[in-house]
Novice: 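My questions will all concern the structure given below.
Because only heavy atoms are used, hydrogens play no part in the values below, and waters and symmetry mates are left out as well, while side chains stay in. Throughout, residue positions are numbered sequentially from 1 according to the sequence presented. In listed order, ligands and their atoms are each counted from 1.
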Amino acid sequence: MIKISQRGRFCAVCGTKTGPFLNNLCETCYKKEHPLDIEIIKQVNVEICPLCGNLKIQGTSISTWNKEEGLEPIVREVVRRTIIEKIQTELFYDCEFEDNIEEDKIMNYGVKAFEIRTNVTATPFEEFSDFEKEFTTRIKLIRASCNECSKYKSGYFEGILQIRADNRKLGELELERLESHIDQIMKKYEESKMMYILDYEADKDGITCKTSTKYLAETMAREIKSITAGKLTVAYELKTKSRDGTDLYQNTYLVRLPQYTSGDILEFEGIFWVVKNITEAKIRLESLENREMKNFDRKRIKDRGLKKSDSVVSREYMFVSSDGVNATIMALDNYENYDDVLKRLPLNKEIGENIKGFIYEEKNYYLE
Ligand SMILES: [Zn+2]
Ligand SMILES: [Zn+2]
């Protein structure tokens with residue numbers, strides 16, 4: 001704080017002899033000649049996106065704010081912040097605000113303007129009382145879609161995700177599993193407006209959708225590739241130029257699901273197997289003749305295996321009895337008993353339990 005010298009005896013402007021004086025001026029005249037040097041903001045524009053509720057103030061978007069808080073406190077806070085930012089002074093000052101912002105009226109078409117009154121006080125000189133400045137700012141509310149929502153509305157997209165199966169249609173369960181994965185991924189981006197999918201199509205031929213960003217398509221493609229041991233290819237396509245002249249590519253991410261999925265039945269080297277697991281290079285099969293588990297090269301199975309899932313007929317059985325080597329089985333569709341070899345049954349099956357399986361060319365097979 002500056003100490004005022006008591007040089008003057010009377011005010012050079014009004015002539016009063018009542019001090020203190022500064023530069024030969026009394027307090028009243030000094031304040032008149034040297035008001036607080038503060039920029040007054042007459043109007044603040046606040047844009048509100050009617051679709052997502054995001055705010056832009058003086059052209060700058062407010063990136064994240066807690067939407068449960070309500071608009072009133074957030075509009076109030078951003079307007080106050082904008083006003084304070086403009087107050088450029090070396091002095092210590094206090095600010096008080098008063099406004100008529102009302103939650104209910106913010107999104108109301110009828111009322112589009114509020115007012116905020118700012119009162120700034122500072123005490124630059126010990127002997128002088130507070131310097132004050134008061135001004136009113138009009139808050140103009142504008143309903144305007146934000147950039148992201150406009151992009152979305154105009155169908156903007158950068159990526160395409162395609163999921164196809166190798167030489168086959170997708171199974172119902174398989175499709176369900178894929179869709180729930182896509183769902184889970186999208187849940188993570190619920191809060192980000194720039195993460196959306198468009199034109200989603202899913203059927204037995206596969207899944208196709210457009211994605212707002214390449215990142216989103218790539219994230220989904222990589223995740224689906226890893227859970228299915230599929231193969232991922234990316235096609236780059238020059239689409240357009242952005243405003244600043246850089247090339248914009250629209251990428252297509254294609255995940256090719258393996259020819260087999262777990263649970264598939266196939267014939268290979270003369271016996272029947274059920275697919276247990278598939279990785280990038282290997283396929284794990286369980287023999288339906290002796291329950292042995294074996295890993296094979298995917299390429300070898302692809303070339304030499306015969307898919308049988310669609311040509312077998314499901315059947316249910318009951319494990320009736322066993323002498324340790326052979327087993328008596330009852331087919332549950334005709335209640336006929338017959339003998340089979342115990343080692344062909346799923347491991348850990350107990351007498352009296354049901355077994356799911358299938359019949360193919362008059363031979364019975366047991367799955368679980
Ligand atoms: Zn004076
Ligand atoms: Zn929006």
Novice: Give, rounded to 10 degrees, the angle between SG (C11) and SG (C29) as seen from the Zn ion (ligand 1).
Specialist: 110°
Novice: Is there side-chain contact between L342 and V325, with at least one heavy-atom pair below 4.5 Å?
Specialist: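 A side-chain contact is absent here, since even the closest heavy-atom pair is not under 4.5 Å.
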Novice: Rounded to 10°, how big is the angle at the Zn ion (ligand 1) from C14 SG to C26 SG?
Specialist: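 So the angle at the metal works out to 110°.
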Novice: Should the ring pair F268 and W273 be called parallel, tilted or perpendicular, given that the plane angle runs from 0 to 90° and is split at 30 and 60?
Specialist: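 Rings of F268 and W273: tilted, as their planes differ by 30° to 60°.
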Novice: State, yes or no, whether a side-chain contact exists between K307 and R168 at a heavy-atom distance under 4.5 Å.
Specialist: yes
Novice: I need the SG(C49)-the Zn ion (ligand 2)-SG(C149) angle, rounded to 10 degrees.
Specialist: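 Between SG of C49 and SG of C149, the angle at the Zn ion (ligand 2) is about 110°.
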Novice: Side chains of F157 and D199, heavy atoms from C-beta outward: is any pair under 4.5 Å?
Specialist: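 The answer is no; the side chains never approach within 4.5 Å.
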